[in-house]
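Following: one structure in structure tokens, then a few remarks.
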Amino acid sequence: MDSLHTVSLKCNNKMKINFGGGNLSSDAGLLLLKEFLYTIGADKLIRLLFKTTDSAGYRIHKDDENLMQVILQIISAYFSDNCADELTNEPVMTAILNKDALASQPTLSRFYNRMDEKTLDQLENITRILRRTVYSVREPEAILFDIDSTLLDTYGNQEGEGFNYHYHSHGYHPLLCYDGLTGDLLKAELREGTKYCSNGAGAFMEPLLKEYRSKYPGMQLYLRGDSGFASPDLYETLEENDCKYAIRLKEKPRLLELALDEEDALYRATKDNQLDYAVEYGEFMYQAASWSHPRRVVFKIEKPYGQMVHMHTFIVTTLEFEPYKAIRLYCGRGRMENFIKEGKSGFDFASVSSKSMLVNANRLQVHALAYNLFNWFRRLALPASMRKEQVDTIRLKLLKIAARVVRSARYQYFKLCSSCPYKKEFYETLDNIHRLRPQLE
């Protein structure tokens, strides 16, 4: 047996270092996540429904195990496939996955390259079923669809990449739809970089609208989007599926002309006071050349504090709210920028490194599933004081906890760090998970 190599520090010869601390992990908080995934049936669902088209007769690392490993890595901020090589014998992850060793980087890369249209459908179906399970615990009264697009950078000659004039950069231009009330990512679709925002937005939203209309018939549906989604195709899809909407319109001379009375009223109201903030609201019926019928447009004209200019906001809407309430609802869509930012920085949505666009579409769906699983965990399991915190903060407080793993003849003991400052929150989270009573499918 090799003797333990111990070294002393010159700064203090009473300090000695060796690697005899035992089987240690810095990710013991993943045990909470595993318990949550088990409670909502996510691991069982992935095992039943996820399978790549694989010509091999036998594999040590099965598809569902690889998917669970990737999800755990993403939630733990080990975004790169290469991280798998450093996590091979990670004691908490291997225990959670019930494996002697994790899949390596080449294994995960081959796993991704086996993904196709079938796995894309499987991932979307898994997300839909898990969403129903989460709603069985706490069903929302309304859904506020926040639709937007973003840029995912590409490098080199990747299939489908292109120059996007809005972002002045090369990449993919995916469509994203969040629930503006909960932050759930309801749908994501990878698109070519040259696609305009509203291209295909109606077809993108229609399956989601039909799902909610059939599965949750009493739920109120609302949608808001910026001027990039001012498309008759999207309006008609929403109207056919009884979804109220508030979508911004680009400022045009005809719209300014129709709002002229309120513009004059604002000038009169601020004639003797050009410093303070002032605002006027109004509405009118308007039909653009490409619209099949007139639609209601509400607007806001405001004079910012300390300025003499007037700023205009025009919203086409089917909401029956007063103009100022409809515009207030639309302005709340700024939260979606935070959701997108968290998805890109906290869950690495931009990890679209494969040459194949279809493989990259699958990669985006896997990262979106990891985002949703964590968002449900945050909403249903975390203490109330932590539910508004960002993923990086929660990782630091609850997931990145040091632990020593000790095995006996019958049990595995995870001896967590004694000086952890969030013991109370850890046990409260575990208790919240055990109180959940989801209806599993």
Side-chain angles (χ1 to χ4, degrees), residues 142 144-151 164-168 176-181 183 196-198 201 220 222-232 234-235 238-239 243-291 293-341 388:
L144 181 54
F145 298 114
D146 270 337
I147 187 171
D148 207 345
S149 61
T150 189
L151 185 81
N164 188 279
Y165 285 92
H166 178 75
Y167 292 97
H168 298 287
L176 303 172
C177 182
Y178 288 84
D179 177 5
L181 302 177
Y196 184 67
C197 297
S198 62
Q220 294 293 317
Y222 303 93
L223 179 141
R224 54 190 179 187
D226 62 22
S227 59
F229 295 91
S231 162
L234 181 57
Y235 303 155
L238 297 171
E239 289 163 0
C243 178
K244 306 295 184 182
Y245 60 84
I247 300 174
R248 186 165 186 168
L249 297 174
K250 293 180 179 178
E251 189 176 305
K252 296 180 179 180
R254 179 55 180 160
L255 297 177
L256 294 173
E257 181 183 335
L258 291 170
L260 194 57
D261 289 345
E262 283 74 12
E263 181 96 25
D264 292 340
L266 186 60
Y267 274 118
R268 291 193 299 270
T270 59
K271 181 175 63 174
D272 298 325
N273 184 352
Q274 292 293 318
L275 289 178
D276 292 344
Y277 175 85
V279 62
E280 289 284 342
Y281 295 91
E283 64 178 283
F284 51 78
M285 296 300 292
Y286 171 71
Q287 182 176 0
S290 59
W291 297 4
H293 61 274
R295 292 182 170 91
R296 182 187 183 215
V297 174
V298 300
F299 63 89
K300 174 176 71 171
I301 309 174
E302 56 186 329
K303 188 194 77 63
Y305 177 82
Q307 299 183 36
M308 299 180 67
V309 298
H310 288 180
M311 299 173 61
H312 302 77
T313 302
F314 295 97
I315 307 291
V316 59
T317 184
T318 53
L319 295 170
E320 298 175 354
F321 303 162
E322 295 178 56
Y324 79 94
K325 289 184 178 180
I327 291 174
R328 183 186 297 172
L329 176 71
Y330 168 80
C331 290
R333 71 176 299 278
R335 288 190 66 198
M336 186 181 180
E337 299 300 328
N338 294 330
F339 300 150
I340 294 176
K341 185 183 297 183
K388 293 184 179 180

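- For the residue pair His312 and Glu302, no side-chain donor N or O sits within less than 3.5 Å of a side-chain acceptor on the partner.
- Checked against the 6.0 Å centroid threshold, Tyr277 and Tyr305 do not count as a close aromatic pair.
- In this structure, the separation between OH on Tyr178 and CG on Asp148 is 9.5 Å, given to the nearest 0.5 Å.
- The closest side-chain heavy-atom distance from Asn273 to Leu275 is below 4.5 Å.
- Annotation: salt bridge (charged side-chain N to carboxylate O under 4.0 Å, His left out) contacts of Lys303 (sequence neighbours excluded): none.
- Between Tyr286 and Phe314, a ring centre-to-centre spacing not shorter than 6.0 Å is recorded.
- Here the CG-CD distance, from Asp226 to Glu337, works out to 8.0 Å after rounding to the nearest 0.5 Å.
- At least one side-chain heavy atom of Met311 sits under 4.5 Å from a side-chain heavy atom of Pro304.
- Looking at His310 and Glu263, their side chains do bring a donor and an acceptor atom within 3.5 Å of each other.
- Closest of all the heavy-atom pairs between Ala278 and Thr270 is CB-CG2, 3.5 Å.
- Considering every non-hydrogen atom in both Gly228 and Cys197, the closest pair reads O-CB, 3.6 Å.
- A distance of 6.5 Å separates SG of Cys177 from CG of Leu223, quoted to the nearest 0.5 Å.
- Counting only N and O atoms by type, the side chains of Tyr245 and Arg295 include a donor and acceptor under 3.5 Å apart.
- When every heavy atom of Pro232 is checked against every heavy atom of Trp291, the shortest pair comes out as CG-CD1, 3.7 Å.
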For this session: Give the C-alpha distance, both sets of side-chain angles, the deciding distance and a yes or no for side chain to side chain contact (heavy atoms under 4.5 Å, CB included) between Leu176 and Ile147.
Result: CA-CA 6 Å; Leu176 303 172; Ile147 187 171; over 6 Å; no
For this session: Determine, stepwise, if the pair Met285 / Val297 fulfils side chain to side chain contact (heavy atoms under 4.5 Å, CB included).
Result: CA-CA 6 Å; Met285 296 300 292; Val297 174; over 6 Å; no
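- Note that the OH atom of Tyr222 and the CG atom of Asp179 stand 12.5 Å from one another [nearest 0.5 Å].
- With contacts defined as side-chain heavy-atom distances shorter than 4.5 Å, the pair Met336/Lys341 does not qualify.
- Side-chain contact check for Pro323 versus Phe299: every heavy-atom pair is 4.5 Å or farther apart.
- Side-chain contact between Leu255 and Phe284 is present, with at least one heavy-atom pair separated by less than 4.5 Å.
- A pairwise comparison of heavy atoms in Ala259 and Ile301 identifies O-CD1, 3.8 Å as the closest pair.
- Separation of atoms CG (Leu144) and CD (Gln220) is listed at 12.0 Å; rounding is to 0.5 Å.
- For Arg335 against Gly180, the heavy-atom pair with the smallest separation is NH1-O, 3.0 Å.
- In this structure, the side chain of Glu262 does not engage the main chain of Leu266 through any donor-acceptor pair within 3.5 Å.
- A heavy-atom distance below 4.5 Å is found between the side chains of Thr150 and Tyr167.
- Classification of Glu283 and Arg296 as a salt-bridged pair holds, one side-chain N sitting under 4.0 Å from a carboxylate O.
- Once rounded to the nearest 0.5 Å, the distance linking CD1 of Ile247 with OG of Ser198 reads 9.5 Å.
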For this session: Go through the steps to decide whether Tyr235 and Val316 satisfy the test side chain to side chain contact (heavy atoms under 4.5 Å, CB included), and finish with yes or no.
Result: CA-CA 9 Å; Tyr235 303 155; Val316 59; 3.5 Å; yes
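- Here the shortest heavy-atom pairing between Lys244 and Thr318 reads CA-OG1, 3.3 Å.
- Ring to ring, His166 and Tyr196 are not that close: their centroids are 6.0 angstrom or more apart.
- Checking side-chain atoms of Arg224 against main-chain N and O of Leu329 turns up a donor-acceptor pair under 3.5 Å.
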